[in-house]
Structures are given as structure tokens and as C-alpha cells.
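Counting begins at 1 with the first residue of the sequence.
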Amino acid sequence: MTYHPKSDFMRVMMTRGFLADCTDYQALDEALAKGVVPGYIGFDATAKSLHVGSLIQIMMLRWLQKCGGKPIVLMGGGTTKVGDPSFRADERPLLTNAQIDDNIAGIKRAFSPYVTFGDGPTDAVMVNNAEWLDDLNYLGFLRDIGKHFSVNRMLSFESVKSRLDREQSLSFLEFNYMILQAYDFLELNRRYGCLVQMGGSDQWGNIVNGVDLTRRVVDHEVYGLTSHLLTTSDGKKMGKSQNGAVWLNADMYSSYEFWQYWRNTTDADVGRFLKLYTELPLEECDRLGALEGSAINDGKIVLANAVTTLLHGAEAAAAAEATAREVFEKGGVGDDLPTLRVMAAEMVEGLGIVQLFVRAGLAATGKDAKRLIQEGGARMNDEVVTDAGLRVGAGMLAEPLKLTAGKKRHALVVLD
């Protein structure tokens, strides 16, 4: 597609690699060039924090605001009670209202570093769709909104079709999700003049439904824009590490671990990730991404510092880099390493080395820890661990004990 955008936002989306698809490139671009465009992305409250997989969406909201638009962060307090079936093999576990509220409180913390909230024309707002979904009149909703949806068309969407093709159950509750998401767009257009819904490319069907519904019910022209679903160059899904999700909240994933996640980026992804997750000029992203051999590590450090600074602040990024240098270059233990604290009462008979690796987050399971030891990838105070049956006693914790998995992942064990 050859299209030369007029608006700063569309130019950023296209040149930095965000844009996957749009319902009407030219019309949305013209609206963006004319004035303040409110745009939203929805986030369901399925956990107490978002993870790195959501960061591309958060960056889209950030760029919208930087380019003169108004970001709307929609928390799915209502839709979380249903669960998005998109490209899932099974139904999401249902959460209680208290769990959902608790999760929303945790998720809110991730947005303040990226967008500015307030009452101004381009200030971000955070909205909860429970406001309009919780008290819907079922019959009225079916009559006024349900009549605009074709079941035949809903069944044709890939997110639903793939589930049915595999003969996996799709509950009526989940089937309603796309109607509720479409209704969100209609409500946000009514309440905030929202003109564009953004999301990952797996949300395309749901977004198109919202565009169609808003046009049918209130005769307003609105738009949908999707980003690519990101995987790393080696095919792994963004947001996952060897030890599970890479959470954005520091109490669930430390700033040091977060920095390390980006420092460990595959060589081939450096340039692409710099464009998506930082605000460095495109030329600099290309230059750093094209470095070869050991020089590419300089690009990885720039990436880790820039992404960590955006989320956790410059001080946390600098501390993480300093700790990494101390650990990797000087063989020290570093002050900012992930730390496992064990109680003296636990140490009466000592703790197994396998258990310590799991509890320190360096192995997902005991089986993984044993395999790590067998393959020579486990070290204790920089000495290779060869005995999976080794027990660590209180006397070995007079000083912090450093555990290492592979070459790059470290943790401390200290006695409380």
C-alpha cells in the first residue's frame, strides 16, 4: 500500500512499524490532521498487571497523545466477566467482581508513565465499561443492539471459526463478547466522541463490528486501526520469558529483570523493537539495529535503558545497567538483583538447591532446575553445581548467595 499520510500519528504508525490494517486510512488520516481525535484501546482485567505483550498498545496510546489526539484507556470491568474468546483454545476462568476491581487497581499503575491523565482536550481518560454494561436491560439490549448482528457473519470471524474448526467448546457467554465490545465503541462515541478503536490484529473482527454498529445506530463514521501481533524473530510470543510473563508492575517483575528482558533481545529484533518501544529517531533505530557482532550489544543496552526509563524511570534504568555491569563484568553480586529471602526456621535441615532455583525464579519447575544442573548451566557463587541433591544450610548464607542460570540470569538468596 502506497499512502503518504498527512497526520503525525498515522505517519508514526506507518514508519515505525505499528500499522497492520485500517478500515479507512485516508478518512482517518484526514480526521487526525484536522483536529483532536479521541481514540481508545480496551484492556480486560484478567490479572493484577499488564505484561509486555500489551506494551505495543500502550505505546500507540502514547503516540496518539504526543501527536495531538486524546487517549481513552478502557478498562474491561464489564467484559472481563465474559472473557474474550479470540484465538483461545478454552474458556477463560470467570473472576469475581472483587477480583476484577483488584486487578483494575493494579493495571492502572502501568499507564501513568506513558500518558498524561487530566481534563484537558488531549488529556487521557480512564473509563470502565462496567459503567454501561453492568446494568444493561437484557431484552432491550437484544432488541436495540442484537438486531444489528448477523450470526452467520459472527461465525465467519477467524477468532471464532478457528475454535469451532477444532471442535472446541465456545460458550454462549463468550460468543456475546464481540457484541459487547462493539457496544463499547458505540458508547464511547456517544460519551466522548471517540473516533477510532485500536488493538492487535487479532481484534480486527471485533473492531469492525464496532465500526459497523456505530454507523448503524447513530450514523457516525468511526474507524478501526490494528497493530501487528508481535512475536520475536525466533517465534516466541512477546510478553513471555523463561519464567513466565514479563509484568509491567515492578512489584511483580523487578525493574532489573525488566531491563534484562530487553537486554537479552535477539540480535535480529533490536532495530524493530527500538522503533516500536522507544522514541529514538528512526535513523538511530536503523543504525543500532544494523550493528554486527558484539557491537549489537550496544544497541541492546540502548534499548533496555530506553524502555526501562519509560516505564520505571531513568534512575531505575541506570541502576539496572550498573548492576548488570557489576555482575557480568566484575563478577560481583550487585545490589539490584532479584532476591529470595528465606527464614531461619526453614534452614534447620537446609534447603535443596533445586528448590532454591525454583523459588528464586531461575527455573519454572523442579524438573527444569534438575535439567539445568545436569546440563551444567546452574552455578552457585560462580561455581558450577553438579549435584541436584545438594542442600544449602544456614551457614552458607552468612553472606548473600548468588545463584546463576545460564550466562545471564542471576538471583540472590539471603537469610532473613
Side-chain angles (χ1 to χ4, degrees), residues 47-49 51-52 106 234 236-237 239-265 300 304 308 312 316-317 319-416:
K48 290 183 180 180
S49 170
H51 60 62
V52 162
D234 52 5
K236 292 178 182 174
K237 193 173 180 180
K240 300 288 186 182
S241 71
Q242 285 180 289
N243 299 315
V246 180
W247 301 108
L248 300 184
N249 289 11
D251 59 341
M252 294 174 67
Y253 203 82
S254 74
S255 55
Y256 173 79
E257 291 173 294
F258 186 78
W259 189 93
Q260 277 293 340
Y261 174 78
W262 296 101
R263 170 62 181 81
N264 294 336
T265 294
K300 294 180 183 182
T308 305
H312 295 298
E321 183 182 2
T323 295
R325 289 192 187 283
E326 185 176 348
V327 170
F328 300 135
E329 296 176 9
K330 302 174 187 175
V333 296
D335 296 327
D336 199 28
L337 285 179
T339 300
L340 168 66
R341 299 186 178 278
V342 296
M343 307 298 291
E346 298 180 80
M347 304 305 296
V348 175
E349 297 181 6
L351 286 174
I353 191 68
V354 167
Q355 184 184 359
L356 284 177
F357 267 84
V358 173
R359 286 177 57 180
L362 297 176
T365 64
K367 188 176 180 181
D368 289 339
K370 289 176 182 176
R371 186 187 309 116
L372 187 70
I373 292 168
Q374 288 168 359
E375 294 173 355
R379 280 173 291 156
M380 185 172 70
N381 287 340
D382 298 321
E383 297 290 329
V384 175
V385 176
T386 57
D387 179 11
L390 177 69
R391 299 194 74 79
V392 174
M396 298 170 72
L397 295 178
E399 297 287 335
L401 182 73
K402 184 171 80 166
L403 300 180
T404 302
K407 294 180 180 178
K408 299 179 180 178
R409 294 187 301 123
H410 310 266
L412 297 181
V413 182
V414 297
L415 189 63
D416 255 358

Applying side chain to side chain donor-acceptor pair (under 3.5 Å) to Arg391 and not counting sequence neighbours gives none
Sequence neighbours excluded, the answer for side chain to side chain donor-acceptor pair (under 3.5 Å) partners of Lys370 is none
Looking only at heavy atoms, which two atoms of [X] and [Y] are closest? And how far apart?
{"X": "Arg341", "Y": "Arg359", "answer": "O-NH2, 4.3 Å"}
{"X": "Asp368", "Y": "Ala364", "answer": "OD2-CB, 3.3 Å"}
{"X": "Met380", "Y": "Leu390", "answer": "CE-CD2, 3.8 Å"}
{"X": "Leu403", "Y": "Ala360", "answer": "CD1-CB, 4.3 Å"}
{"X": "Ser255", "Y": "Ala320", "answer": "O-CB, 4.3 Å"}
{"X": "Arg263", "Y": "Lys300", "answer": "O-CD, 3.3 Å"}

In Leu340, Leu372, Thr365, Val413, the residue satisfying side chain to side chain contact (heavy atoms under 4.5 Å, CB included) with Phe357 is Leu372
Measure the shortest side-chain to side-chain distance between [X] and [Y] over non-hydrogen atoms and say whether it is less than 4.5 angstrom.
{"X": "Phe258", "Y": "Val246", "value": "yes"}
{"X": "Asp387", "Y": "Ile353", "value": "no"}
{"X": "Lys402", "Y": "His410", "value": "yes"}
{"X": "Val342", "Y": "Leu351", "value": "yes"}

Task: Polar contact flag, side-chain donor to acceptor under 3.5 angstrom, Glu257-Tyr261 - done: no
Report task. Dump the intermediate steps for side-chain contact (heavy atoms from CB on, under 4.5 Å) on Ile373 and Thr386, then the final yes or no. Result -> CA-CA 6 Å; Ile373 292 168; Thr386 57; 5.7 Å; no
Side chain of [X], backbone of [Y]: donor and acceptor closer than 3.5 Å?
{"X": "Arg371", "Y": "Gly366", "result": "no"}
{"X": "Ser49", "Y": "Asn249", "result": "yes"}
{"X": "Arg409", "Y": "Leu362", "result": "yes"}

One should read off an interatomic distance between Gln260 CD and Tyr253 OH, to the nearest 0.5 angstrom, of 9.0 Å
